[in-house]
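Here's the structure we're looking at; comments come further down.
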Amino acid sequence: MQQDNRKPRRILITGGAGFIGSNFVHHWCNSYQGDRVVVLDALTYAGNKANLASLENNSDLRFVQGDICDRTLIDHLLESENIDTVAHLAAESHVDRSIIGPGAFVQTNMVGTFTLLEAFRQRWNKREQPNDRFLHVSTDEVYGSLEANDPAFTETTPYTPNSPYSASKAGSDHLARAYFHTYGMPTMITNCSNNYGPYHFPEKLIPLMCINILLGKPLPVYGDGQNIRDWLYVEDHCRALDVVIHQGQPGETYNVGGNNEVKNIDLVEQLCSLMDELAPDLPITPAKNLITFVKDRAGHDRRYAIDASKIKRELGWTPQETVAAGLRHTVEWYLANRDWWQPLLSDEYKNYYDQVYAEPNLS
Ligand code: NAD
Ligand code: TYD
């Protein structure tokens, strides 16, 4: 969103070393040179400073390792950096991990969001400025699961979260909403569908399949593989967050989605075909021979679909990437960036993998 008369912002991006957060930091630094960008990230297993390596010499950018539950640190950053905008992306984000250990999800997603909102409110009470914004980045999973013929989620679909992950995100959405209605604080919420693209941590469906194909490992498809997700290329999501910060109305929620509903099994087969075409010397070809149906995820939501007509109508945002092109870029990126993903297959990751994919033929 380039505007000639735009006032520079001083933005705090939480979770900026994660998948979407780091793509958003790149997007912001490329789009708005001269803005102050402060990244706050705890560098959990999902955070990776290498995601920001190419911005190392950017003097507008400051990286701070820290926890969003640390109120003293947040107060200090908001004051000392004179922050006017928060883009809040830090979260525990993986459904399978929330099934194994929900506590971290309640702590970061709910207590952490509360801490940020309170710190921002205290400062906003003292120095209310027209440009101030607090964007809370959330997920379509708060709306629950759709049947095959249900209409897509709109901003007024009732919340029905089914996993500890989506329940903790729903709780944080309600807090962000309440801070506008009770205090008038300029919060906005985005609820987005499944993202994919560069810097996606290996545990999620698309990178997991890409990496397992390259390693010749089984491709674990949960249940019957007929679950549907609405996939959005991560750069399209970043453009949506940008447009909401600049043009969104305080107190409003915007759904963001790719209008790209795909069954998991079809997606995995597309990835297999792309790898067969693009990757030299695969251990197993055709890659689809690696597909293995495994025990379903507990409480697995059947279908997500986003109606993104509000953000299109009110703010002019539409996705630009097709799934075919976006998946091709993504496969090419994982092929070209082994040095990025290989170190992420750590002992911690292997332990996690063994817990989730416990069947002996899968490791
Ligand atoms: P991610 O797991 O890749 O990254 C999360 C980042 O937050 C990591 O860098 C991690 O170190 C950091 N973090 C975690 N706990 C923290 C804490 N207590 N304090 C500070 N930093 C902490 O997640 P993602 O996929 O990039 O998701 C970003 C946001 O977007 C999340 O809020 C998620 O709910 C939302 N979202 C994700 C998707 C998706 O498909 N990935 C879709 C819609 C919405
Ligand atoms: P995921 O990337 O974990 O995103 P989410 O659960 O937040 O939608 O999973 C996307 C879909 O892929 C979901 O329906 C679960 C399924 N899935 C598998 O079939 N196998 C896997 O190994 C993983 C990680 C996911």
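All heavy atoms count here, side chains included; hydrogens, waters and symmetry mates do not. Small disclaimer: the values here were computed from a predicted structure and weren't measured. Atoms within a ligand are numbered from 1 in the order they appear, just like the ligands themselves.
- Contacts of Y165 with ligand 2, taken as heavy-atom pairs under 4.0 Å, are absent altogether.
- With hydrogens and angles left out, the side-chain atoms of R97 and Y165 include no donor and acceptor closer than 3.5 Å.
- With a 4.0 Å heavy-atom cut-off, ligand 1 is reached by the side chain of K169 but not by its N, CA, C or O.
- Every atom of ligand 2 is numbered from 1 in the order shown, and the set under 4.0 Å from a heavy atom of V221 is 19 (O).
- In the model, Q320 has no side-chain atom that pairs as donor or acceptor with a side-chain atom of Y233 under 3.5 Å.
- Residues N259 and D230 have side chains that never bring a donor and an acceptor to within less than 3.5 angstrom of each other.
- Residue-level proximity to ligand 2 for N264 is carried by the side chain, the only part with a heavy atom below 4.0 angstrom.
- Counting atoms of ligand 1 from 1 in the listed order, those under 4.0 Å from a heavy atom of V137 are 30 (O), 32 (O).
- In this structure, the side chain of N260 engages the main chain of G258 through a donor-acceptor pair within 3.5 Å.
- Residue W231 has no nitrogen or oxygen atom sitting less than 3.5 Å from a nitrogen or oxygen atom of ligand 2, judged on distance alone.
- The backbone of E203, and not its side chain, has at least one atom closer than 4.0 Å to an atom of ligand 2 (non-hydrogen atoms only; backbone = N, CA, C, O).
- Below 4.0 Å from some heavy atom of A17 lie the following atoms of ligand 1, by number and element: 9 (O).
- Salt-bridge annotation for K49 and E56: absent, with no side-chain N of the basic residue lying under 4.0 Å from a carboxylate O of the acidic one.
- A side-chain donor from one of T85 and R9 sits under 3.5 Å from a side-chain acceptor of the other.
- Not a single N or O atom of N227, backbone or side chain, sits closer than 3.5 Å to an N or O atom of ligand 2.
- For the residue pair Y304 / N227, no side-chain donor-acceptor distance below 3.5 Å is found, with atom types taken as modelled.
- For the residue pair Y143/N162, the side-chain donor-acceptor check at 3.5 Å is not satisfied.
- Between the choices D230, L205, V268, V95, the shortest heavy-atom distance to atom 1 (P) of ligand 2 belongs to L205.
- Just one residue in the list D236, V243, L241 forms a side-chain contact (heavy atoms from CB on, under 4.5 Å) with R239, and that residue is D236.
- The residue from R229, R302, R303 that alone fulfils the salt bridge (Lys or Arg N to Asp or Glu O under 4.0 Å) condition with E261 is R303.
- Looking at Y165 against ligand 1, only its side chain comes within 4.0 Å, counting heavy atoms.
- Ligand 1 is approached by L43 to a heavy-atom distance shorter than 4.0 Å.
- Contacts of N194 with ligand 2, taken as heavy-atom pairs under 4.0 Å, involve the side chain alone.
- Within ligand 1, counting atoms from 1 as listed, the ones closer than 4.0 Å to a heavy atom of L89 are 28 (C), 29 (C), 31 (C), 32 (O).
- Considering backbone and side-chain atoms together, K204 places no N or O closer than 3.5 Å to any N or O of ligand 2.
- Counted by atom type alone, H246 and D242 present one or more donor-acceptor pairs between their side chains at under 3.5 Å.
- Applying the 4.0 Å criterion to heavy atoms of C192 picks out, from ligand 1, the atoms 42 (C), 43 (C).
- Residue R229 has at least one nitrogen or oxygen atom sitting less than 3.5 Å from a nitrogen or oxygen atom of ligand 2, judged on distance alone.
- Atoms of ligand 1 found under 4.0 Å from any heavy atom of S138, numbered from 1 in the order shown, are 43 (C), 44 (C).
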